Amino acid sequence: MNSFEKYVGQVFDNRYKITKILGIGGMAVVFEAFDTKLNRIVALKMLKDEISNDSQSVKRFINESKAVSMLSHPNIVSIYDVSVKDNLKYIVMERVDGITLKSYMSQKGALSAAESINYIEQILRALEHAHSKGIIHRDIKPQNIMLLKNGRIKVTDFGIAKLPNAETVTMTDKAIGTVYYISPEQASGKEIDQRSDLYSLGVMMYEMLTGQLPFDAESPVSVALMQVNNRPKPPHEIKEDIPKGLEQIIMLAMEKQRERRFQNASQMLRHVLQLKAAPDYVFKTKRTETKKDDKDMKKKVVNKKEKPSKEKSKNTDSLSMFPIIMGVCLAFFVVVAGCGVFLMNEFVPELLPQFLQFKDIDAEKEYSTVKVPNLEGNILTDEYLAQLESKGFKIIKTYSSDYPDKQWNEIVSQTPAAGEERKMKKGELACDIRVTLSLGKEKAISLTDYTMWDADDAEADIIALGLECELEYKFSQKPKGEVIGISPAPGDKVYKGDTVTLTVSDGPENTSGKVPLVTGLTLEEAKTKLKEAGFEVGVVREQASNSYDEGTVSSQSPEAYIDAQFTEPVDLVISTGP
């Protein structure tokens with residue numbers, strides 16, 4: 001019997017009855033519990049006794065509750081309640097019926113491309129939502145991904161997440177996260193951003209598809225150094241049937257330099273969705289074309305070289321010592337240059353701001369002139385869009401049904417015109433390019449009524465129809481994540497490429513309010529009045545009463561006019577007459 005079984009059967013804060021142990025981690029134990037107030041099963045994560053007084057552990061524990069309370073997404077585990085007392089510290093969250101992705105991968109081994117894409121898409125949607133709120137997870141790994149029985153993914157454990165405008169958890173060794181999945185900047189103790197999560201996700205993809213980690217060694221320090229310095233073996237060398245497009249996504253996500261990775265979750269998600277629609281799709285990269293051109297140039301240079309004459313050979317022999325001397329000198333200068341670079345990196349950044357105070361910057365050097373490319377006739381795929389965005393162009397789309405002879409998503413016109421020049425400030429967009437896209441021969445789609453749908457299911461259905469989907473969140477008495485509005489209206493005609501906006505409930509703006517008086521009303525009248533005030537009806541029972549007519553409410557709990565949480569149901573007693 002372990003020390004945590006003593007809690008089974010206990011009731012925390014007169015509300016949560018512990019039923020069993022679900023799991024034990026390094027700093028917390030997770031119980032299954034029954035919420036006696038809301039009549040539901042929950043998961044209760046309690047900080048271990050031996051570390052409950054450790055300030056760093058408590059800070060991490062509170063950090064998790066803060067991070068997840070800012071989020072509302074079907075692919076992120078929900079938190080219901082938090083209690084941080086001297087003798088008891090726990091978080092109450094939704095009970096997820098499933099296993100960790102790590103356990104699943106251990107049982108099954110390498111996953112198929114289709115299954116991997118399904119999971120990665122859901123994780124990216126969760127990260128897209130978290131990053132939009134300014135939250136960086138910092139510990140993306142299969143152990144923190146829950147796989148439900150219905151195939152849905154839930155991202156968990158935001159304990160070391162970086163929150164916006166708040167003091168976040170710091171570790172003494174700076175390398176926050178699990179060493180097998182951390183990004184090079186995390187391993188180096190440098191500042192991180194959302195691209196660090198994408199690197200960790202790239203490592204996860206590598207493991208999912210190959211069945212093994214990209215970097216492994218005897219010590220964590222060695223693995224961390226490999227994350228910083230080593231390039232992973234291409235996945236197809238481990239498992240030949242991995243699609244080329246998937247390998248490209250993995251290798252791009254795992255680029256050492258952040259500037260060369262996907263820049264945000266949305267961009268990476270577009271590439272994943274492209275492969276979901278066309279599994280054999282291969283993304284075009286400039287790098288592969290450049291390498292090919294370099295090889296061709298080398299061949300041409302070799303062919304043009306003439307065979308050395310006998311006289312040249314004699315001269316070469318007489319000067320055979322010259323390259324050796326030059327090599328020694330060159331090695332000396334390389335060492336000196338290396339020391340110079342090191343000193344520049346160490347000292348110049350601190351002195352540079354002072355130096356710049358005495359030097360005027362030529363404003364013209366901050367700008368460069370770019371020509372607007374010719375886009376007409378091209379198909380605006382996700383890859384082509386990403387390529388244009390990487391060059392600093394923002395594409396604004398408009399669809400037209402006036403070009404049935406053109407392909408769907410083919411660019412038929414653009415503004416500004418090709419060849420026009422624009423000045424671009426370094427680090428900023430060159431200009432907006434407005435393009436008109438053909439709807440081709442696609443027929444109009446009659447829009448489904450998605451109200452009362454789960455937002456995640458509705459979004460997936462809309463994207464499957466070839467439409468764009470945007471989510472807007474609004475406070476509502478409806479359950480969190482439920483679609484409460486749709487634009488255009490249900491039944492309206494839309495075409496592929498059109499944007500459908502879903503209004504999604506973000507739960508009530510206020511978490512509590514005054515309980516209305518419902519005694520004397522019928523049960524249906526009471527339900528309506530309570531619902532309008534933000535409350536739900538709890539237990540309903542009958543009892544004789546001399547004061548109230550049969551079929552009317554004779555008493556209520558909580559009583560009228562007191563402040564109560566909207567999550568607390570109102571129990572009613574119905575009069576059966578005298």
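Given the structure is predicted, the values throughout are model-derived calculations rather than measurements.
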Problem - Test item: side-chain donor near acceptor, Ser487 and Thr501, under 3.5 Å - result: no
Handout entry: Arg261 (side chain) donor-acceptor with Lys256 (main chain) under 3.5 angstrom
Key = yes
Problem - Side-chain ion pair, Lys108 and Glu115, N-O less than 4.0 Å - result: yes
Exercise for the section: In plain terms, say whether Glu207 and Lys141 are close enough for a salt bridge, that is, a side-chain N and a carboxylate O under 4.0 Å apart. Expected result: no
Exercise for the section: Verify, without hydrogens or angle tests, whether Gln194 (side chain) and Gln263 (backbone) share a donor-acceptor contact under 3.5 angstrom. Expected result: yes
Practice task
Return yes if some donor-acceptor pair links the side-chain N/O of His73 with the main-chain N/O of Gly481 below 3.5 Å, else return no.
Solution key: no
Practice task
Nearest 0.5 Å please: distance from the CG atom of Leu127 over to the CG atom of Leu198.
Solution key: 7.0 Å
Exercise for the section: Determine, for Asp97 against Lys149, whether the closest basic-nitrogen to carboxylate-oxygen distance falls under 4.0 angstrom. Expected result: yes
Exercise for the section: Answer yes if the side chains of Glu459 and Tyr450 hold a donor-acceptor pair under 3.5 Å, and no otherwise. Expected result: no
Handout entry: N/O donor-acceptor pair under 3.5 Å between Asp197 side chain and His137 backbone
Key = yes
Handout entry: Ionic contact status for Glu121 with Lys276, cut-off 4.0 Å
Key = yes
Practice task
Let me see the working for Lys154 and Glu94 under salt bridge (charged side-chain N to carboxylate O under 4.0 Å, His left out), right down to the final yes or no.
Solution key: CA-CA 11 Å; Lys154 292 273 187 181; Glu94 68 174 304; 3.2 Å; yes
Practice task
Verify whether one side chain among Glu185 and Ser188 offers a donor that lies under 3.5 Å from an acceptor in the other.
Solution key: no
Problem - Spatial distance of atom CD1 (Ile249) from atom NE2 (His271) [nearest 0.5 Å] - result: 6.5 Å
Completion exercise
Distance col, row Met208:CE vs Met205:CE, nearest 0.5 angstrom, shows 7.5 Å
Problem - Glu468 side chain vs Asp498 backbone, donor-acceptor pair below 3.5 Å - result: no
Handout entry: Parallel, tilted or perpendicular: rings of Tyr104 and Tyr119 (30°, 60°)
Key = perpendicular
Handout entry: Arg434 with Asp432: basic N within carboxylate O range, under 4.0 Å
Key = no
Problem - Short side-chain to backbone donor-acceptor contact, Gln248 and Phe283, under 3.5 Å - result: yes
Exercise for the section: Check whether the side chains of Asn264 and His131 place a donor and an acceptor atom closer than 3.5 Å, and report yes or no. Expected result: no
Exercise for the section: Answer yes if the side chains of Glu255 and Tyr199 hold a donor-acceptor pair under 3.5 Å, and no otherwise. Expected result: no
Problem - Distance, nearest 0.5 Å, that separates CG of Asp492 from CG of Leu447 - result: 7.0 Å
Handout entry: Backbone of Leu213 reached by a side-chain donor or acceptor of Asp216 within 3.5 Å
Key = no
Problem - Short side-chain to backbone donor-acceptor contact, Glu421 and Val370, under 3.5 Å - result: no
Problem - Test item: side-chain donor near acceptor, Glu128 and Ser266, under 3.5 Å - result: yes
Completion exercise
Applying side chain to side chain donor-acceptor pair (under 3.5 Å) to Asp457 and not counting sequence neighbours gives Arg152
Handout entry: Whether Asn229 side chain and Leu225 backbone form a donor-acceptor pair below 3.5 Å
Key = yes
Problem - Short side-chain donor-acceptor distance under 3.5 Å, Ser103 and Ser106 - result: no
Exercise for the section: Output yes when a side-chain donor or acceptor of Thr210 lies under 3.5 Å from a complementary backbone atom of Ile238, and no otherwise. Expected result: no
